[in-house]
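Since the structure is predicted, the reported quantities are computational estimates derived from the model, not experimental observations. We count residues from 1, following the sequence as given.
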Amino acid sequence: MIRIFNSAQVSRADILYRGRSGSTQAVEQAVADILADVQENGDAAVLRYAEKFDGVKLDALRVPQQEIDAAYNAADPEFIRTLTMSAANIEAFHKRQLRQNFVINDTPGVVLGQKVTPIERVGLYVPGGTASYPSSVLMNAIPAKLAGVSDLIMATPPARDGSVAPAILTAAKVAGVTSIYKMGGAQAVGALAYGTQSVPKVDKIVGPGNLFVATAKRRVYGIVDIDMIAGPSEILVLADAAANPAYVAADLLSQAEHDKLATAVLVCDSMALAEAVQAELERQIPLLPRAEIARASIDANGKIIVVQDLAEGIEIANEIAPEHLEVCVDEPFGLLNEIKNAGSIFLGKNVPEALGDYFAGPNHTLPTLGTARFSSPLSVDDFVKRSSFIYYTKEALKKVQERIVDFAEREGLQAHGKSVSIRFEKQPE
């Protein structure tokens, strides 16, 4: 049963257990060994791990185009329509994030600017296992395509029969994924980072995964870029006394069913609501197909915190910096400016977190474990590089020559200064 606390009874630093996604030494060593094996042995290593971890002996890693087309053609037309509508919403939102090149030419002889260039090849990891996530395909692939990424390589674990979930293949076709490979876990991250005989080396890896995937992404960072190290899912619901306890309980369970390590927290200004939500959770959990997972999450990590007022509730929310923050009050826009730290904010009593997961348009790949204090949701910016450029005529450089030389000498870097002054010295015949 979820526990209820008065805000004075609980340490805010302990409301979310920050270490719960931390890698152990055993995991670190296992991942290091897998990555080294994949780097040395390529496809052979990845195929071996598919047999060991996924229980399937594959002949090849790449999904044939006819398999993708067959999944799409066999899909329920209404599901394709839903995917298409969701994709359109995601595209419309992320188009607003597109950056423009700019040029500054305010000073005679000086041209400055910024050039935006898409990353050429991106690896998209899509989890398998206890659930398939076609929504993650859309959320990761569409911003990449908008940014101009020309080659989007998807990795996803195969089922025991060697197939990939048809919903994932269908979403990949809708989103414009370039190619798909049957591989999961740390071995997939290694294949994308190093390249193999059949898997092209990418420049960046994005997408969520389990502890082994997250650990592998962290270890290959620097060889490739990564989006973030995402921990188990989180939701914090900030609710007033008038909130519907059945709605609130359902929203908490929408994240608790993800993972036994997921965290669901209610912060409210009413003990009556807290107790009603507690009772609702006990009623709703047994009705869920993933009741065992939800029960473990709620019992181990769930909390209800009763605060004096919503102002205190917002303070707690800002300190936690949750992945998902629902503001279940009648006038949520009055509180929006007070919210400083959250991955995604759901405003009002009719905006469940699932709306953002699947359909509304903002990205659902979000910072976890308090990292919303300094990081942001996945966006078009994650798929581009920004280069600055500088042009000076000789006359323009001469005007600032002495200042640059002085600056360089104060840093003890005379060669820096000389690289400027030499241009104005008489050169030997």
Side-chain angles (χ1 to χ4, degrees), residues 46 50 54 56 58-95 118-129 131-184 188 191-192 198-200 202-209 213 227 354 356-365 378-380 382-383:
V46 180
D54 301 316
V56 57
L58 299 171
D59 295 324
L61 294 172
R62 184 163 180 171
V63 179
Q65 186 60 46
Q66 57 265 35
E67 193 173 324
I68 301 170
D69 293 339
Y72 182 87
N73 293 333
D76 181 346
E78 282 304 309
F79 177 55
I80 293 177
R81 179 170 167 77
T82 298
L83 286 175
T84 303
M85 293 172 66
S86 176
N89 290 341
I90 295 166
E91 182 175 340
F93 181 85
H94 289 80
K95 269 185 176 178
I119 295 173
E120 291 184 25
R121 182 178 289 145
V122 171
L124 164 56
Y125 188 89
V126 177
S132 65
Y133 299 100
S135 58
S136 288
V137 178
L138 300 183
M139 291 290 181
N140 286 271
I142 291 172
K145 298 298 283 188
L146 281 171
V149 174
S150 57
D151 206 359
L152 190 56
I153 312 300
M154 193 174 90
T156 191
R160 289 189 177 274
D161 63 359
S163 67
V164 172
I168 288 179
L169 296 180
T170 302
K173 188 173 176 71
V174 169
V177 171
T178 310
S179 55
I180 305 170
Y181 292 82
K182 299 176 182 180
M183 54 185 188
L192 292 170
S198 65
V199 181
V202 303
D203 302 304
K204 182 165 186 169
I205 300 173
V206 301
V213 171
D227 52 349
D357 256 2
Y358 298 118
F359 204 76
N363 211 282
H364 78 194
T365 302
L378 192 75
S379 73
V380 170
D382 287 287
F383 300 101

Any donor-acceptor pair under 3.5 Å linking the side chain of Lys182 with the backbone of Gly162?
-> yes

Does Asn363 reach the main-chain N or O of Thr365 with its side chain, forming a donor-acceptor pair under 3.5 Å?
-> yes

Between Val149 and Lys204, is a side-chain contact (heavy atoms from CB on, under 4.5 Å) present by the stated rule, with each step listed?
-> CA-CA 11 Å; Val149 174; Lys204 182 165 186 169; over 6 Å; no

Where Ala141 and Ala175 come nearest, the two heavy atoms and their spacing | CB-CB, 3.7 Å

So, the side chain of Tyr181 versus the backbone of Ala188: is there a donor-acceptor pair under 3.5 Å, distance only?
-> no

Side chains of Pro134 and Phe79: closer than 4.5 Å at any heavy-atom pair?
-> yes

Could you state the interatomic distance from OH (Tyr72) to CG (Leu169), rounded to the nearest 0.5 Å?
-> 13.0 Å

Mind checking whether Pro208 and Pro127 have side chains closer than 4.5 Å, heavy atoms only?
-> yes

What is the minimum heavy-atom distance between Met183 and Tyr125, and which atoms define it?
-> O-CE1, 4.4 Å

Ile180 CD1 to Leu61 CG distance, which is reported to the nearest 0.5 Å | 13.0 Å

With a 4.5 Å limit on heavy-atom distance, are the side chains of Pro158 and Leu58 in contact?
-> yes

In Å, rounded to the nearest 0.5 Å, how long is the span from CG of Leu378 to OG of Ser136?
-> 10.0 Å

Using atom types as modelled and distance alone, determine if a side-chain donor or acceptor of Ser86 lies under 3.5 Å from a backbone N or O of Thr82.
-> no

Minimal non-hydrogen separation, Glu67 against Val164, with atom names = OE2-N, 4.1 Å

Which value, rounded to the nearest 0.5 Å, describes the distance between Thr170 atom OG1 and Asp69 atom CG?
-> 10.0 Å

Provide the closest heavy-atom pair for His94 versus Val380 in the form atom of the first, atom of the second, distance.
-> O-CG2, 3.4 Å

Can you tell me how far the CG atom of Asp203 sits from the CD1 atom of Ile119, to the nearest 0.5 Å?
-> 7.0 Å

Specify the closest pair of heavy atoms between Gly184 and Pro157, including all atoms of both residues, with the distance to one decimal.
-> CA-CG, 3.7 Å

Between Ser150 and Glu120, is there a donor-acceptor pair closer than 3.5 Å when you use the side chain of the first and the backbone of the second?
-> yes

Selection residues 146-171 - residue pairs positive for salt bridge (Lys or Arg N to Asp or Glu O under 4.0 Å), sequence neighbours left out = Arg121-Asp151

Going from OH on Tyr358 to CG on Asn89, what distance comes out if it is rounded to the nearest 0.5 angstrom?
-> 15.5 Å

Compare every heavy atom of Val177 with every heavy atom of Leu152, then report the nearest pair and how far apart it is.
-> O-CG1, 3.5 Å

Hey, mind stepping through Ser132 and Ile168 against side-chain contact (heavy atoms from CB on, under 4.5 Å) and telling me if it holds?
-> CA-CA 7 Å; Ser132 65; Ile168 288 179; 3.8 Å; yes

